[in-house]
Structure formats: structure tokens, C-alpha cells
Peer 1: 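This structure is in C-alpha cells; I'll ask about it shortly.
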Amino acid sequence: MPGSEEPLWGKPDVPGPPTDMPPLAARWRRLLARIIDYVMIIGVPSNVVVWIYERTHPALSYMWSALLGVIFWLVYIGYDGYLLTTRGRTFGKQWMKIQVGMLHDGSLPAGWPGWLRAAAYGLPGVLAGAGWALWAINVLPAFVPSALGILWLINVLWLLWDKPYQQALHDKVAKTVVVSAQ
């Protein structure tokens, strides 16, 4: 409103992150942690399931392959959400000596923030997989799941140019930050 002292967005008196926050996690550690988690939870299990399925059903359709991807992405969201809300780190993050904390005080992202972060990371993958399944039966044009895949890529690359906390979009949504764990 004109003449109002109240800012339209945000509050000027909201404190920043804690001054004793550990240093931000190196980007390469974040990348390796995600690769470790992905290979453990999606990569190896999905390849084993597909390998077994192809032995019994030689003509694995593209739609079933895409739906399998959806299932494994949902499992990944469960894995990520559960470990973030209970420990602040996944196994990959533990091995890379990094952890997720709340931006405002560095605490464990217990409850809603941890699950929101996991869903914001994995949901584009789930939707892209479902989109490819729908494309396989001629319900959606190919650009829809492709656009969802690009959205996922933008999400994870966002930390490369974000200042000052190197947050990916899923960090911003949940108000989290990834830091080194001593």
C-alpha cells in the first residue's frame, strides 16, 4: 500500500543463517553423493529388475519401462525423504561428509521440510517417467516429458549460479542448505 512502512515481500528483521554454520558443501561432493544414492537406489536395482523381466518377457515395452522408472523414482523420494528427516543425510551424503540443514538455524530438516525437499528433487523425474509412459500409448506429445526432464536438470544445476548459499531449487523450496559435516 502507498505510504506503508511494511515491505511487500519479506521482512527486513528476519535473521540470516547462523553465523556458526559449517562451510557450504563442495559442489563436487554434492554431485558424487547424488550419484552414489542414485546408483544404490535406482541404477542397480532397476537394471536388475529390467534384466530379469527381459529374460521372462523378451519384448519389454517402452511404456512398462517408463512406469518402472516412475516406481523407482518414488522409491528414491521415500529414501531421500526418510533419511533427510531422520538423519539430515543420505548414505551418499554420509560417504561424502556432507549434510542437509535448515537455512535459518542449521537444524535437521525433520518433518515437512525434508519430505518437501525430496519431493521437489524427485517429482520431475516421476512426472517425466509417467509422461514417457503416456507418450508410448500416444496420449502425450514427446515434448511434455522432455520438458519435465529439462525442469529436473534446471533444478539440479541451479546451485552452480546461486549466491550466496549454492542452493538448488529443491533447497530453495524447502529452505535448506547443504554443508560440510565434520
Peer 1: Are Tyr38 and Leu123 grouped together when hydrophobic residues (ILVMFWY) are joined by side-chain heavy atoms under 4.5 angstrom apart?
Peer 2: yes
Peer 1: What residue pairs, at least two apart or across chains, pass side chain to side chain donor-acceptor pair (under 3.5 Å) with a residue in residues 153-164?
Peer 2: Asn155-His170, Asp162-Lys172
Peer 1: Check for me, please, whether Trp112 and Leu108 land in the same ILVMFWY cluster - side-chain distances under 4.5 Å, paths through other members count.
Peer 2: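 No, it is not one cluster - the side chains of Trp112 and Leu108 are not joined through contacts under 4.5 Å.
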Peer 1: For a side chain to side chain contact (heavy atoms under 4.5 Å, CB included) check, start with the C-alpha distance between Val178 and Gln99, then their side-chain angles and the critical distance, and finish with the verdict.
Peer 2: CA-CA 6 Å; Val178 183; Gln99 65 188 27; over 6 Å; no
Peer 1: Taking only residues two or more places apart in sequence, or in another chain, which ones meet Thr176 in a side chain to side chain donor-acceptor pair (under 3.5 Å)?
Peer 2: Arg117, Asp171
Peer 1: Rounded at 0.5 Å granularity, tell me how far CG in Leu159 sits from CZ in Arg30.
Peer 2: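 Rounded to the nearest 0.5 Å, the CG-CZ separation comes out at 4.5 Å.
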Peer 1: Between Leu169 and Tyr121, is there a side-chain heavy-atom distance shorter than 4.5 Å?
Peer 2: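 The answer is no; the side chains never approach within 4.5 Å.
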Peer 1: Is there a continuous path of hydrophobic side-chain contacts, each under 4.5 Å between heavy atoms, that joins Val70 to Leu127?
Peer 2: yes
Peer 1: Return a table of donor-acceptor pairs under 3.5 angstrom between the side chains of residues 71-83 and protein atoms on other chains or two or more places apart.
Peer 2:
from: Tyr76; atom 1: OH; to: Arg34; atom 2: NH1; distance (Å): 3.0
from: Tyr79; atom 1: OH; to: Asp37; atom 2: OD1; distance (Å): 2.6
from: Tyr79; atom 1: OH; to: Phe91; atom 2: N; distance (Å): 3.1
from: Asp80; atom 1: OD2; to: Arg34; atom 2: NH1; distance (Å): 3.4

Peer 1: The criterion is side chain to side chain contact (heavy atoms under 4.5 Å, CB included); which residues satisfy it with Leu31, sequence neighbours excluded?
Peer 2: Ile35
Peer 1: Working to the nearest 0.5 angstrom, can you tell me the gap between Met40 CE and Trp95 CH2?
Peer 2: 5.0 Å
Peer 1: Can you list everything that forms a side chain to side chain contact (heavy atoms under 4.5 Å, CB included) with Ala128? Sequence neighbours excluded, please.
Peer 2: Leu148
Peer 1: Kindly give the heavy-atom pair with the smallest separation between Gly88 and Pro109, and that separation in Å.
Peer 2: CA-CD, 4.2 Å
Peer 1: Which value, rounded to the nearest 0.5 Å, describes the distance between Thr90 atom OG1 and Ile41 atom CD1?
Peer 2: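 The CD1 atom of Ile41 is 9.0 Å from OG1 of Thr90, to the nearest 0.5 Å.
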Peer 1: Kindly write out the residues that satisfy side chain to side chain contact (heavy atoms under 4.5 Å, CB included) with Ala142, not counting sequence neighbours, or none if the list is empty.
Peer 2: Trp132, Trp135
Peer 1: Report the distance from atom CD1 of Ile150 to atom CG of Leu157, rounding to the nearest 0.5 Å.
Peer 2: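 Going from CD1 on Ile150 over to CG on Leu157, the span is 11.5 Å.
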Peer 1: Could I get the full list of side chain to side chain donor-acceptor pair (under 3.5 Å) partners for Arg27, not counting sequence neighbours?
Peer 2: none
Peer 1: Show every salt bridge (Lys or Arg N to Asp or Glu O under 4.0 Å) that has at least one partner inside residues 82-101, sequence neighbours left out.
Peer 2: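 Found none.
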Peer 1: Quick one: side chain to side chain contact (heavy atoms under 4.5 Å, CB included) partners of Pro23, sequence neighbours excluded?
Peer 2: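 Residues passing side chain to side chain contact (heavy atoms under 4.5 Å, CB included) with Pro23: Ser180, Gln182.
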Peer 1: After noting the C-alpha distance and the side-chain angles of Met21 and Val177, does the key distance pass the side chain to side chain contact (heavy atoms under 4.5 Å, CB included) rule?
Peer 2: CA-CA 10 Å; Met21 182 170 78; Val177 65; 4.0 Å; yes
Peer 1: In terms of hydrophobic clusters joined by side-chain contacts under 4.5 Å, are Val156 and Leu32 together?
Peer 2: yes
Peer 1: From Gln94 CD over to Ile36 CD1, what is the distance, rounded to the nearest 0.5 angstrom?
Peer 2: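 Rounded to the nearest 0.5 Å, the CD-CD1 separation comes out at 10.5 Å.
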Peer 1: List the steps, then state whether side chain to side chain contact (heavy atoms under 4.5 Å, CB included) holds for Trp115 with Leu84.
Peer 2: CA-CA 8 Å; Trp115 286 103; Leu84 289 180; over 6 Å; no
Peer 1: Considering all heavy atoms of both residues, which atom of Pro124 and which atom of Ala119 are nearest to each other, and what is their separation?
Peer 2: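 Smallest interatomic distance, heavy atoms only, reads CD-O, 4.3 Å.
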Peer 1: First locate atom OH of Tyr165, then atom CG of Leu24, and finally report the distance between them rounded to the nearest 0.5 Å.
Peer 2: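 Rounded to the nearest 0.5 Å, the OH-CG separation comes out at 8.5 Å.
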Peer 1: The criterion is side chain to side chain donor-acceptor pair (under 3.5 Å); which residues satisfy it with Ser107, sequence neighbours excluded?
Peer 2: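 Ser107: side chain to side chain donor-acceptor pair (under 3.5 Å) contacts with Asp105.
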